[in-house]
Amino acid sequence: QVQLVESGGGLVQPGDSLRLSCAVSGGTFSQYTTGWFRQAPGKEREFVATIRSRSSGGRTYYADSLKDRFTISRENAKNTVYLQMNSVKPEDTAVYYCAAGAGIILSSTRDPAAYQHWGQGTQVTVSS
């Protein structure tokens with residue numbers, strides 16, 4: 001059984017940096033495309049970033065509005081994916097979810113329905 005556990009969320013001030021981590025267990029990590037999504041109160045879950053599986057080239061993709069501030073990376077030796085968030089803004093406040101999936105085609109990379117496994121989420125609150 002695949003499990004994803006996020007960590008690193010919390011309360012930060014505008015302009016701060018924050019790094020989220022997602023530890024993946026129970027599967028073959030290198031075969032998964034892993035991504036981050038977020039959901040703010042009253043809004044739909046939205047795509048943040050993803051990194052393709054190693055066998056699919058390991059490329060990264062970002063939401064256009066976030067690509068200048070957020071960076072996704074993965075450490076295969078630790079079965080962990082990270083989201084580095086810089087210059088955070090109040091509108092980044094949301095629950096951030098880690099997701100993993102196998103066999104995700106490129107055109108579905110940004111679609112949460114394409115991911116088979118999800119973490120429980122970690123709250124990020126940006127406020128002064």
Side-chain angles (χ1 to χ4, degrees):
Q1 183 177 358
V2 179
Q3 291 187 321
L4 287 73
V5 179
E6 302 100 333
S7 61
L11 174 63
V12 294
Q13 294 186 341
D16 285 352
S17 295
L18 193 66
R19 189 176 79 159
L20 306 182
S21 300
C22 174
V24 182
S25 61
T28 306
F29 182 71
S30 63
Q31 295 181 354
Y32 290 123
T33 289
T34 49
W36 289 93
F37 294 79
R38 68 184 185 183
Q39 188 166 18
K43 295 187 177 181
E44 294 186 353
R45 190 167 298 188
E46 67 171 345
F47 169 76
V48 174
T50 195
I51 184 165
R52 300 278 290 167
S53 65
R54 188 165 57 184
S55 61
S56 297
R59 287 192 63 180
T60 57
Y61 298 87
Y62 296 92
D64 289 342
S65 62
L66 301 174
K67 61 183 178 181
D68 292 335
R69 299 188 293 117
F70 291 9
T71 302
I72 189 171
S73 62
R74 59 192 286 165
E75 189 171 359
N76 289 325
K78 293 186 176 181
N79 287 5
T80 300
V81 62
Y82 304 99
L83 182 69
Q84 178 68 40
M85 305 167 60
N86 296 329
S87 302
V88 296
K89 304 175 180 180
E91 51 263 42
D92 293 324
T93 295
V95 178
Y96 284 71
Y97 296 92
C98 178
I104 298 177
I105 60 176
L106 184 58
S107 60
S108 296
T109 297
R110 299 166 187 254
D111 183 0
Y115 293 77
Q116 297 96 14
H117 310 290
W118 290 83
Q120 80 288 351
T122 185
Q123 176 71 46
V124 172
T125 302
V126 183
S127 175
S128 56

Crowding at CD, Glu91 (>12 non-hydrogen neighbours, <6.0 Å): yes
Single-linkage hydrophobic cluster Leu106~Phe47, side-chain heavy atoms < 4.5 angstrom: yes
Shared hydrophobic cluster for Trp36 and Ile51 (ILVMFWY, side-chain gaps under 4.5 Å): yes
Donor-acceptor contact below 3.5 Å, side chain Gln3 vs main chain Val24: no
Check: Gly9 main-chain N/O paired with Thr122 side-chain donor or acceptor under 3.5 Å: yes
Which atom of Thr80 lies closest to which atom of Ala23, heavy atoms considered: OG1-CA, 4.1 Å
Validation row: Ser87, Arg69 side chains within 4.5 angstrom (heavy atoms): yes
Spatial distance of atom CD (Gln31) from atom OG (Ser56) [nearest 0.5 Å]: 10.0 Å
Co-membership, hydrophobic cluster, residues Leu4 and Trp118, 4.5 Å side-chain: no
Check: Thr28/Ser30 side-chain N/O donor and acceptor closer than 3.5 Å: no
Steps toward side-chain hydrogen bond (donor to acceptor under 3.5 Å, both in side chains) verdict (Tyr96, Arg38): CA-CA 4 Å; Tyr96 284 71; Arg38 68 184 185 183; 2.9 Å; yes
Modelled atom types, side-chain donor and acceptor of Thr34 and Tyr115, under 3.5 Å: no
Check: Asn79 main-chain N/O paired with Glu75 side-chain donor or acceptor under 3.5 Å: no
Over all atoms of both residues, closest heavy-atom pair of Ser108 and Ala114: O-CB, 3.6 Å
Polar side-chain atom of Arg74 near backbone of Phe29 as donor-acceptor pair, under 3.5 Å: yes
Close side-chain approach of Val5 to Cys22, heavy-atom, < 4.5 Å: no
Gap between atom CG of Asp111 and atom CD1 of Ile104 - 0.5 Å precision: 9.0 Å
Between CD on residue Gln84 and OG on residue Ser17, distance to nearest 0.5 Å: 5.5 Å
Test item: Arg52 side-chain N/O and Thr33 main-chain N/O as donor-acceptor pair under 3.5 Å: no
Pair Tyr97 and Phe37, ring centroids less than 6.0 Å apart: no
Spacing of CG belonging to Leu66 relative to CG belonging to Asn86, to within rounding of 0.5 Å: 12.0 Å
Donor + acceptor pair across side chains of Thr125, Gln123 (<3.5 Å): yes
Side-chain heavy-atom pair Arg54, Asn76 within 4.5 angstrom cut-off: yes
Donor-acceptor contact present, side-chain Tyr62 to main-chain Ile72, <3.5 Å: yes
Min side-chain heavy-atom separation Tyr32-Ser53 under 4.5 Å: no
Among Val88, Val95, Leu18, Leu83, the one residue meeting side chain to side chain contact (heavy atoms under 4.5 Å, CB included) with Val124: Leu18
Residue pair Glu6 / Gln120, side-chain heavy-atom distance below 4.5 Å: yes
Donor-acceptor pair, side chain of Thr93 and main chain of Val126, under 3.5 angstrom: yes
Hphob cluster co-occupancy, Phe70 + Val81, side-chain heavy atoms under 4.5 angstrom: yes
Side-chain (Gln116) to main-chain (Ala102) donor-acceptor, under 3.5 angstrom: yes
